There are 2 protein chains.
Amino acid sequence: MKKKNNKKNSIQDIAEALQLSPATISRVLNNHPHVHESTRSKVMTMVEQVGYKRNIMASGLRTNKTNTIGLIVPRISMFVHTEIITAIQNGLHTQGYNLIICQSNDSLEIEKDLAHTLYASRVDAVIVACTLFTSDFSHFDILTQNDIPVLFYDRVPVKPYPACIIKGDDSRGAYLATSHLIELGSRRIAYISGPMSCNIYIDRYAGFQQAMRQHGISIQQELVFYHELTVDNARKTLHKLFAREPYPDAVLCANDLTALTVLSFAKEKGMSVPQDLRIVGYSNDPRSSIVTPSITTVEQFPGRIGNVIVSEVLKLLKNGYDMAALDTTPIVTPVELIRRMST
Amino acid sequence: MKKKNNKKNSIQDIAEALQLSPATISRVLNNHPHVHESTRSKVMTMVEQVGYKRNIMASGLRTNKTNTIGLIVPRISMFVHTEIITAIQNGLHTQGYNLIICQSNDSLEIEKDLAHTLYASRVDAVIVACTLFTSDFSHFDILTQNDIPVLFYDRVPVKPYPACIIKGDDSRGAYLATSHLIELGSRRIAYISGPMSCNIYIDRYAGFQQAMRQHGISIQQELVFYHELTVDNARKTLHKLFAREPYPDAVLCANDLTALTVLSFAKEKGMSVPQDLRIVGYSNDPRSSIVTPSITTVEQFPGRIGNVIVSEVLKLLKNGYDMAALDTTPIVTPVELIRRMST
DNA sequence: TATATTTACGAAAACGTTTCAGTAAATAAA
DNA sequence: TTTATTTACTGAAACGTTTTCGTAAATATA
């Protein structure tokens, strides 16, 4: 009835079986020099035979390396993040790293908790896309202060923080989208932004602003809205926006979910898109291409972002992390406007 | 230039600072009885003060528990899996468990590799949705044989395997969908299935079959297709299907991506849905509800599946895993037909 | 008072790996 | 030949916890 099975599978067992010391087995397994070819092959065959797998807890305890990387993300279900995570996970796997994925659900409390948990797990590095509301980053100090490199992407610290930073070119994305609308003839452009506590919405607003200014159009603050980009919030905003004329002739949305909501609202109200109302989203969520009319949006190339993250993480891990020498100037990844039927 | 910072934060450091033994500190941290209230509080304040976090590698080495659970999934980007994973991750987090998420990309080779990696990480349990092509499950033996419980969901072993099994009621889902089509008057029903190496497609076909038989309609094999459910494959199949009349009057698809592809194909060909062609999908992917016409599909309640998985995993971990006493009869979760405009 | 029981703690071993320091044997250099 | 160098290995300590066993003190029981 007892479940313990009798084959143990430690380095020591192999050492005993071969009349060698554990040290030698370890050297073979780690490809150290100064071990004779004949012993090496003897060890390797025995390792194969008993199906030995290194105990990561033991080796991690000794070396302070876990070959595991932590990831904190608001929600894995958000399209861009799903894609980025996939790229990260595949990239790291080929390099022998595991990924512990955690969701903050956009809660600052959970994010703090996760930072501590990942420290307790002694991961080798932590990759973070922070919550919408993270403005104080001191809960990551426990990582940086203990030489665990931190890498922010997408949603990143606005103030200087000793970490690697990778972000999309959000201001350019919004600039392209806005210019596109203006060139098509839109003048009363509404803008639905996320909360300005988050860099991506700060930057997108800046891009919007820049394009408007460049074309000599003044921004009317009653056409600009700031809130979490949920369906409910978007609908409330739309009711305000279309409470009385003059209606806007275009809505620029800081994400695609909002753009989709605007589209279905417009259909309900009998407005035709793009004739009565042009709509632009952000992120190129797959849904934006299959609705009728399809929605113009900004591609962020999440797969490429993931690859950049992987290479930066590996660089940090290879070089030995030196906080003092860390380059904290953001790496900016490109965006592209995708024109579709909604404009 | 050296980066090592001088504050160490081990149990031993706290013990020294308080003139106690490490054993006592450990007992406090683990809420063991027989430690005096005054010492307990002294220890706790010191723990707070220095920001002590348990080193999981050390405690894991000693106890053989990592508080980490492994997850192997074909792709985290598949809607149902995204939702299930989210539920699992949130549920386990509240119980103090971490989740290592791995993607097999539907490759059997990678899946084998991941099973071994997770064993090396000595996770406490492994949750698996296997690849479309996993028919031999022996690569999971290393886990079960070393008392690491394995739990399959959605895509599960067809043959008996010593693991907990949680699956959707796929045959009923397909039965409901097919019956629905028949009741609406469809008689020439095409069925696009995934590869029959995977239980979900076996079961869905069985449900399709049952409904057809029950209504006295014989299945015409030239209307049934088996292949991986990609857009490209679906389009090839559609070209065959509509190469010559008589056309089918309905297409039942084993997933929503295929249903979406059928819809856009129908639009291209000038067929109107549902008048000329009825379409049903499977999984209630969010895209199925926003296209025009919206697509009838089968809801699997991924959130609920995730919760079931969490409670089963916790049960296995709490009770102490006893392979002999393991109940391997599948837990079947309910489905529901969602009627929409495509039928 | 003497004895048994409970409480609060410490000493030390153990988990499985890596690595430093050491050594014997083999080879090269003097 | 002797001495230096290289090669191939071993012994033992260390990583930070947990846990068993032991013990002294405090309390209860006879």
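The sequence lines fix the lettering, A, B, ..., with proteins before strands; numbering per chain opens at 1. This structure is a prediction, so every number in the text was calculated from the model and none was measured. Only heavy atoms go into these numbers, but all of them, side chains included; no hydrogens, no water, no symmetry mates.
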Taking the cut-offs as 6.0 angstrom to the six-membered ring centre and 45 degrees off its axis, would you call A:R122 and A:Y119 a cation-pi pair? yes

The single option from B:I101, B:I127, B:I309 that satisfies side chain to side chain contact (heavy atoms under 4.5 Å, CB included) with B:I85 is B:I101

At 4.0 Å (heavy atoms only), tell me whether B:Q19 reaches a base, stays on the sugar-phosphate, or touches nothing. sugar-phosphate

Rounded to the nearest Å, what distance is computed from the CG atom of residue B:L18 to the P atom of nucleotide C:dA8? 17 Å

Closest to the side chain of B:A23, out of D:dT17, D:dT7, C:dA12, is C:dA12

Hey, does the side chain of A:N55 reach the backbone of B:L61 with a donor-acceptor pair shorter than 3.5 angstrom? no

Among the nucleotides D:dG16, C:dC9, D:dT18, whichever has the atom closest to the side chain of B:A58 is D:dG16

Assign each of B:R122 and B:S38 the nucleotide of DNA chain C bearing its closest heavy atom; nearer the 5' end lies the nucleotide of B:S38

Are OP1 or OP2 of C:dC15 and a side-chain N or O of B:N64 less than 4.0 angstrom apart? no

With no angle test and no hydrogens, is the base of C:dG10 tied to the side chain of B:R27 by a donor-acceptor pair under 3.5 Å? yes

Answer with base, sugar-phosphate or nothing: what part of the nucleic acid does A:T24 contact at a heavy-atom distance below 4.0 Å? base

Quick one: label A:L29 by what it contacts on the DNA or RNA (base, sugar-phosphate, nothing), any heavy atom closer than 4.0 Å. nothing

For A:I25 and D:dG11, what is the distance between atoms CD1 and P respectively, to the nearest whole Å? 12 Å

A:R54 CZ to C:dC15 C1', in whole Å, measures 17 Å

Rounding to an integer number of Å, can you tell me how far A:H32 NE2 sits from C:dT18 C1'? 8 Å

How long is the line joining CD1 of A:I56 and C1' of C:dT17, in whole Å? 12 Å

Do A:E111 and A:C130 come close enough that some side-chain heavy atom pair is under 4.5 Å? yes

Using whole Å, what does the distance between atom C1' of nucleotide D:dT17 and atom CG of B:N9 come to? 14 Å

Under 4.0 angstrom between A:T39 side-chain N/O and D:dC9 OP1 or OP2: yes

Checking all strands, does B:H34 fall into the base, sugar-phosphate, or nothing category for heavy-atom contacts under 4.0 angstrom? base

Check this one for me: any side-chain N or O of B:S21 less than 4.0 Å away from OP1 or OP2 of C:dG10? yes

How many Å lie between CZ on A:R40 and C1' on D:dT7, as a whole number? 13 Å

Once you apply a heavy-atom cut-off of 4.0 Å, does A:S26 come out as touching a base, just sugar-phosphate, or nothing? base

Looking at C:dT18, C:dC9, D:dT17, which one has an atom nearest to any side-chain atom of A:I11? C:dT18

When you get a sec, tell me which of C:dT19, D:dA8, C:dC15 is the closest nucleotide to the side chain of B:R62? C:dC15

Begin with the C-alpha distance, continue with both residues' side-chain angles, and end with the deciding distance and a verdict on side-chain contact (heavy atoms from CB on, under 4.5 Å) for B:V313 and B:Q95. CA-CA 11 Å; B:V313 165; B:Q95 304 292 317; over 6 Å; no

Of C:dC9, C:dT17, D:dT10, the nucleotide closest to the side chain of A:L20 is D:dT10

Pick out which of A:K167, A:H81, A:E312 makes a side-chain hydrogen bond (donor to acceptor under 3.5 Å, both in side chains) with A:Y153. A:H81

Whole Å only: how far is the NZ atom of B:K65 from the C1' atom of D:dG16? 19 Å

